[in-house]
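Take a look at the structure below.
Here is the naming used below: chain letters follow the sequence lines, and residue numbers restart at 1 for every chain.
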Amino acid sequence: GAGVSQSPSNKVTEKGKDVELRCDPISGHTALYWYRQSLGQGLEFLIYFQGNSAPDKSGLPSDRFSAERTGGSVSTLTIQRTQQEDSAVYLCASSLGSGANVLTFGAGSRLTVL
Amino acid sequence: TQLLEQSPQFLSIQEGENLTVYCNSSSVFSSLQWYRQEPGEGPVLLVTVVTGGEVKKLKRLTFQFGDARKDSSLHITAAQPGDTGLYLCAGDRGYQKVTFGTGTKLQVIP
């Protein structure tokens with residue numbers, strides 16, 4: 001596609017439920033990032049995929065968070081047993097993965113945990 | 001630990017005024033970028049700077065990368081309501097993991 005696509009755009013869930021957020025990056029982009037943004041503040045790094053390398057998971061806040069990237073393209077961020085503090089906008093970005101690293105972002109998935 | 005600290009955190013100014021936003025770190029970056037984000041959208045790249053001391057101009061916006069490649073500034077001349085948004089700096093330390101700053105929320109009042 002022409003841009004980075006994220007779904008769902010909005011998700012409301014009950015505390016304790018699992019959620020899956022999807023990211024479809026720009027075709028040909030080898031790098032894919034997930035960030036979390038709370039209340040219009042800065043972006044908190046979660047996880048980074050680059051080609052076939054092992055992902056950099058150093059930003060995942062707990063073992064309830066996981067992500068995978070299938071076939072070097074689509075990525076899914078899974079949050080298990082959601083908590084109210086997980087409420088935020090989850091942003092996905094992709095890049096060519098080389099040179100000056102220009103990130104193209106999706107519009108984000110807004111998660112609300114009741 | 002926040003690698004990139006931005007100041008000020010919030011800024012509300014009148015149309016026509018000038019402003020400067022700062023992005024500071026104790027780490028060295030191979031490149032630094034500035035993004036602007038509007039409500040309900042993802043951040044959009046404004047500029048990338050890669051050389052210490054580099055200055056780039058984009059219409060009324062001037063970006064500077066510090067000589068030591070640890071800090072940067074964004075200066076806006078004669079701000080307009082269309083400049084309103086969240087400004088984010090982001091640094092790459094050379095192994096592709098991009099870290100974002102704390103953000104500066106700018107409001108330009110007509």
Would you tabulate the side-chain donor-acceptor contacts of residues 77-89 of chain B under 3.5 Å, counting partners in other chains and residues two or more places apart, or write 'none'?
{"residue": "B:Asp83", "atom": "OD1", "partner": "B:Arg60", "partner atom": "NH2", "Å": "3.0"}
{"residue": "B:Asp83", "atom": "OD2", "partner": "B:Arg60", "partner atom": "NH1", "Å": "2.9"}
{"residue": "B:Asp83", "atom": "OD2", "partner": "B:Arg60", "partner atom": "NH2", "Å": "3.2"}
{"residue": "B:Asp83", "atom": "OD2", "partner": "B:Gln80", "partner atom": "N", "Å": "2.8"}
{"residue": "B:Thr84", "atom": "OG1", "partner": "B:Pro81", "partner atom": "O", "Å": "3.0"}
{"residue": "B:Thr84", "atom": "OG1", "partner": "B:Val108", "partner atom": "N", "Å": "3.0"}
{"residue": "B:Tyr87", "atom": "OH", "partner": "B:Arg36", "partner atom": "NH1", "Å": "3.3"}
{"residue": "B:Tyr87", "atom": "OH", "partner": "B:Asp83", "partner atom": "O", "Å": "2.6"}

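Looking at A:Gln50 and A:Tyr48, their side chains do bring a donor and an acceptor atom within 3.5 Å of each other.
Residues near A:Leu96 contribute nothing to a hydrophobic cluster around it, because no ILVMFWY side-chain heavy atom sits closer than 4.5 Å to its side chain. A:Leu32 belongs to a hydrophobic cluster with A:Val19, A:Leu21, A:Trp34, A:Leu46, A:Ile47, A:Phe49, A:Leu60, A:Phe65, A:Leu77, A:Ile79, A:Tyr90, A:Leu111, A:Val113, counting contacts under 4.5 Å between side-chain heavy atoms of Ile, Leu, Val, Met, Phe, Trp and Tyr, direct or through other members.
In this structure, the side chains of A:Gln37 and B:Gln37 come closer than 4.5 Å at one or more pairs of heavy atoms. With a 4.5 Å cut-off on side-chain heavy atoms, A:Tyr33 and A:Phe105 do not count as touching.
Of the listed residues B:Gly40, B:Gly42, B:Pro39, B:Ala90, the one with more heavy-atom pairs under 4.5 angstrom with chain A than any other is B:Gly42.
Ion pairing between A:Arg64 and A:Asp86 holds under the 4.0 Å rule for side-chain N and carboxylate O.
Residue-level contacts of residues 7-23 of chain B with chain A, in order of numbering, are B:Gln9, B:Phe10; threshold 4.5 Å between heavy atoms.
For a residue to count as touching a neighbouring chain, one of its non-hydrogen atoms must lie under 4.5 Å from one of that chain's; by this rule A:Thr104 does not touch chain B.
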